[in-house]
Amino acid sequence: MKGLKRSCYCGDVRREHVGEKITLMGWVNRRRDHGGVIFIDLRDRFGLVQVVFSPEVSEEMFEIADELRKEFVIAIKGEVIARPEGMVNEDLATGAIEIYAEELHILDRAQTPPIQVEDDINSSEEMRLKYRYLDLRRKPMQDNIILRHKVKQAVRNYLDNKDFLDIETPMLTKSTPEGARDFLVPSRVNKGQFFALPQSPQLFKQLLMVSGLERYYQIVRCFRDEDLRADRQPEFTQIDIEMSFMSQEEIMDLIEGMIQEVFKIAGFEAPTEFPHMSYHEAMDRFGSDRPDIRFGLELIDVSDAVKDAEFKVFSGTIAKGGQVKGINVKGGVDFSRKDIDELTDFAGIYGAKGLAWMKIKEDGVQSPIAKFLAENELNSMLDAMGAETGDLLLFVADTPKVVAASLGNLRLKIGKDLGLIDQDEFNFVWITDFPLLEWDEEAKRYVALHHPFTMPKEEDIDLLDKDNAGKVLSQAYDLVLNGIEIGGGSIRINNSKLQSKIFNLLNMDEEEIEEKFGFLLEAFQYGAPPHGGIAFGLDRLVMLLGGLETIRDVIPFPKTQRATCLLTEAPSMVAEAQLEELGIEVEEQIEID
RNA sequence: GGGGAUGUGGUGGAGUUGGUUACCACGCCGGCCUGUCACGCCGGAGGUCGCGAGUUCGAGUCUCGUCAUCCUCGCCA
């Protein structure tokens with residue numbers, strides 16, 4: 001660095017430094033060449049400052065400055081000068097001063113960057129990912145990274161103050177059934193055997209409770225080999241927490257305190273409202289277990305009103321155990337036929353076979369289905385829906401699952417399209433009282449809704465048999481922010497008999513239980529404390545705090561939707577010798593014409 | 001595995017019913033300019049229109065296939 005020592009950051013120079021000789025290092029953000037004088041905006045992580053090159057200060061440096069281009073890395077030494085009156089830049093934190101450069105050293109030259117380093121995105125995400133190191137020079141991206149850091153720091157401070165220990169758990173671990181597809185890692189020492197990367201440190205944190213560590217946390221990478229989405233990456237970061245001797249309510253209280261701390265440190269007002277809602281109520285009113293309750297447009301059940309209707313689409317569906325529900329789009333009477341067709345197609349994505357509609361006009365109800373409904377049926381529908389002149393009512397008749405998915409998502413779409421959502425609001429809700437198990441029609445067995453280590457509600461434990469298991473509720477809780485699940489947890493089973501019973505209900509035989517979870521059941525035989533915990537999706541939390549649309553913007557080096565890294569071009573082929581060492585053969589792709 | 005959107009100089013976009021020299025902005029290069037800060041002015045370079053077939057006298061434009069990126073259903077305890 002040419003023997004120079006950086007004396008301060010570009011963004012930190014202020015009026016009080018006037019008269020001082022300082023040394024700055026950074027990147028050339030912009031060059032303005034006025035012939036007789038050259039201005040450089042010098043950038044480092046902390047901001048921008050204007051550097052002036054004038055032949056009156058140094059003829060030699062002025063000539064070198066002529067060579068400077070965008071993204072050159074330079075060091076300059078010079079005096080801080082107060083800008084003359086009228087030349088102060090109010091938009092810049094350092095706008096009251098400028099540096100008259102007496103020394104200039106080019107530390108590294110730069111080719112013209114393929115994407116421009118500017119605040120406003122001027123390139124496709126594909127380009128940004130390929131040149132991520134340049135994309136990350138942009139201030140909005142650096143802000144995201146800094147926000148992420150602050151959130152992690154707030155979590156650490158809060159939990160540290162509450163006697164939690166940061167404890168690491170293995171990344172090379174055991175593949176388990178249930179849950180997401182595992183990423184596998186072949187074992188060279190034990191050919192033909194595989195480690196799995198953790199989907200979460202679930203079992204280890206429970207074992208740490210058995211070990212008596214009492215309060216554990218870890219900000220930890222987790223891996224799930226499933227298809228990607230805007231808010232799903234194959235590797236993501238979890239704030240993982242577990243504690244002993246705490247009830248569900250105590251855990252939720254503690255977590256609310258953590259969220260408040262995170263918001264404060266991230267520069268937001270601490271949220272105060274953390275309402276609770278049962279899973280059943282969430283599904284009923286919003287068609288989702290992660291309801292966005294920033295707006296209304298709730299789902300209303302009209303099954304009772306139409307169960308005997310001549311209209312078979314309604315009555316027939318109810319007879320088969322289905323339901324008919326609707327949403328009331330206030331003032332939606334102006335929706336065109338084309339608009340409604342589009343909504344119908346949208347509902348179809350989620351399995352709805354159709355979308356019935358009614359427009360409430362001055363002169364009565366306009367609807368293609370009105371003629372199939374008796375007057376009293378129509379009236380009780382309108383009554384249930386709270387219909388008024390100017391409203392558009394939309395109905396779906398199907399299984400409860402399809403009704404919830406289609407109307408729930410339709411509600412979100414219309415809420416967004418109509419601008420019913422306050423974008424600046426942070427709205428939390430705890431979802432509780434989840435069913436412990438869900439019947440999987442395809443697999444013909446129960447599957448765990450949360451995970452198989454979740455403690456049933458104490459009063460429901462007697463119901464744990466093949467016939468009634470679907471009715472059992474669990475001591476599980478999800479924290480939902482603005483319609484996105486940011487955390488989920490539960491009180492865990494700490495008793496090997498009960499745990500075995502759950503495994504049995506999940507259709508695991510004794511042999512499989514022993515092979516997959518023998519170590520856990522054994523651990524529970526040596527004095528396991530009551531315990532529970534929660535895990536937060538750090539990426540999603542930071543995304544929401546940053547007002548962003550995708551977690552890729554808060555992950556320095558994310559994968560594309562096809563799970564590749566455009567920067568490193570991973571994954572890639574490996575040398576034959578590497579495979580041989582692992583005892584792995586790759587099947588040739590057979591091409592068929 | 002399914003549905004949808006997009007792909008045009010370095011970057012982002014426009015390109016009409018298929019029609020002859022593919023346009024704009026930013027960036028880049030050169031010149032001028034001592035107060036700009038998205039500097040300005042003048043000039044210039046830069047294109048296998050993602051790739052491959054097909055239709056046509058003629059394809060950036062139409063058809064089919066394919067690849068890539070994004071959104072999404074399934075999937076994600």
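Chain identifiers are assigned alphabetically (A, B, ...) following the order of the sequence lines, protein sequences preceding nucleic acid strands; residue numbering begins at 1 within each chain.
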Quiz item: Ignoring hydrogens and angles, are the base of B:C37 and the side chain of A:R30 linked by a donor-acceptor pair under 3.5 Å?
Solution: no
Quiz item: Considering Watson-Crick and G-U wobble pairs with both distances under 3.5 Å, what does B:G43 pair with?
Solution: B:C29
Practice problem: Please test A:Y279 against A:F434 for ring pair (Phe, Tyr, Trp, His ring centres under 6.0 Å), starting from the C-alpha separation and ending with a verdict. | Solution: CA-CA 5 Å; A:Y279 169 85; A:F434 285 85; 5.3 Å; yes
Quiz item: Is the closest side-chain heavy-atom distance between A:I81 and A:V18 below 4.5 Å?
Solution: no
Quiz item: When only distance counts, do a donor and an acceptor, one from the side chain of A:E98 and one from the base of B:G35, lie under 3.5 Å apart?
Solution: yes
Exercise. Kindly indicate whether the side chain of A:D41 and the base of B:C37 share any N or O donor-acceptor pair separated by less than 3.5 Å?
Key: no
Quiz item: Which residue, A:Q499, A:Q475, A:H531, A:E242, forms the side-chain hydrogen bond (donor to acceptor under 3.5 Å, both in side chains) with A:R492?
Solution: A:E242
Self-check item: Results of ring pair (Phe, Tyr, Trp, His ring centres under 6.0 Å) for A:F557 - residues two or more places apart only
Solution: none
Please tabulate the protein-to-nucleotide N/O contacts below 3.5 Å involving nucleotides 6-10 of chain B, giving atom names and distances.
none

Quiz item: When we call it a touch if two heavy atoms are under 4.0 Å apart, what does A:R69 touch: a base, just sugar-phosphate, or nothing?
Solution: sugar-phosphate
Exercise. With a 3.5 angstrom cut-off on both distances, give the Watson-Crick or G-U wobble partner of B:C62, or none if there isn't one.
Key: B:G54
Quiz item: Has the side chain of A:N122 got a donor or acceptor that lies under 3.5 Å from a partner of the other kind on the base of B:G27?
Solution: no
Self-check item: G-U wobble or Watson-Crick pairing nucleotide for B:A5 (cut-off 3.5 Å, both distances)
Solution: B:U69
